[in-house]
Amino acid sequence: MNFVVAADHPCLPGHFPDRPLVPGVVVLERVLDALQAQHGVLPALRLPQIKFLQPLLPGQTARVELERIEPKPADAAQADQAKAEPPHAAPAPAPPLRWRFRVCRGEELLASGEIVAADAPPADARA
């Protein structure tokens, strides 16, 4: 999904005087818009990993690229184990939905990171 943040966007005054930059939160808003455009309304999401590498200037065209991250083999094994357990056993939770994103201006990478459905445990709790 391509997007442009217009020079008159309300986030720009003061960010920064004489050289406006699109705030990272506005870029991330466009990432979430692209995700929901592809997958519909989603539950609350976490952004556990984000890197901003280059600034986006008002009026520049940027592109959001999304890639679904498939569950790790350990997650799939847990799901298979849950299927093999007797019906009275509590089902194992489904692996969380995850995506990688990239925001590019032409071929230049501006930002990248990961989006995770909010019901997933934090990364440090999954070890």
Side-chain angles (χ1 to χ4, degrees):
M1 174 185 110
N2 290 337
F3 70 93
V4 176
V5 176
D8 63 350
H9 191 284
C11 73
L12 295 172
H15 202 269
F16 294 93
D18 301 324
R19 179 139 164 89
L21 302 176
V22 176
V25 69
V26 174
V27 173
L28 294 176
E29 182 180 56
R30 297 305 188 271
V31 170
L32 296 177
D33 290 345
L35 183 63
Q36 290 196 350
Q38 285 186 7
H39 300 283
V41 176
L42 296 166
L45 301 168
R46 292 187 299 113
L47 296 144
Q49 186 181 95
I50 303 167
K51 290 183 184 179
F52 292 99
L53 303 169
Q54 296 290 325
L56 179 63
L57 302 178
Q60 293 181 329
T61 300
R63 178 181 70 257
V64 176
E65 300 172 354
L66 295 167
E67 174 190 358
R68 172 84 192 273
I69 301 172
E70 295 302 324
K72 296 176 185 174
D75 294 337
Q78 289 174 352
D80 289 341
Q81 178 184 358
K83 291 178 188 174
E85 291 180 7
H88 63 279
L97 298 173
R98 304 174 85 83
W99 296 268
R100 281 189 195 91
F101 71 86
R102 294 169 42 94
V103 179
C104 300
R105 177 180 50 229
E107 296 303 314
E108 186 176 21
L109 180 62
L110 304 179
S112 64
E114 186 176 320
I115 303 169
V116 181
D119 58 348
D124 56 354
R126 281 184 278 159

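Quick note: residue numbers are just sequence positions, from 1.
Between atom CE of residue M1 and atom CD of residue Q38 there is a gap of 9.5 Å, rounded to the nearest 0.5 Å.
Across C11 and V26, no two heavy atoms sit closer than the pair SG-CG2, 3.7 Å. Annotation for L109 and C104: closest pair CD1-SG, 4.1 Å, computed over non-hydrogen atoms. Residues L45 and L35 approach most closely at CD1-CD2, 3.7 Å, considering heavy atoms. Contact detail for L57 and P20: the closest heavy-atom pair is CD2-O, 3.6 Å.
Tracing side-chain contacts under 4.5 Å through hydrophobic residues (I, L, V, M, F, W, Y), one never reaches V103 starting from L53; they form parts of separate clusters.
Screening L97, I50, L47 for a side chain to side chain contact (heavy atoms under 4.5 Å, CB included) with I115, the sole residue that qualifies is L47. When each of L21, V5, V4, L12 is tested with P58 by the rule side chain to side chain contact (heavy atoms under 4.5 Å, CB included), just one qualifies, namely L12.
For residues 16-62, every residue pair satisfying the ring pair (Phe, Tyr, Trp, His ring centres under 6.0 Å) rule, not counting sequence neighbours, is listed here: H39-W99. Among residues at least two apart or in separate chains, salt bridge (Lys or Arg N to Asp or Glu O under 4.0 Å) pairs with a member in residues 52-68 are R63-E65, E65-R102, E67-R100. The salt bridge (Lys or Arg N to Asp or Glu O under 4.0 Å) pairs that include a residue from residues 9-22 number zero, where partners must be two or more places apart or lie in different chains. Within the structure, the salt bridge (Lys or Arg N to Asp or Glu O under 4.0 Å) test picks out the following pairs touching residues 104-113 (sequence neighbours left out): R105-E108.
The shortest side-chain heavy-atom distance between F3 and L56 falls under the 4.5 Å cut-off. Side-chain contact between L110 and V27: absent, with no pair of heavy atoms (C-beta onward) separated by less than 4.5 Å.
In this structure, V41 stands alone, with no Ile, Leu, Val, Met, Phe, Trp or Tyr side-chain heavy atom under 4.5 Å from its own, directly or through other members.
In this view, H9 satisfies the ring-ring contact (aromatic ring centres under 6.0 Å, His included) rule with no residue, not counting sequence neighbours.
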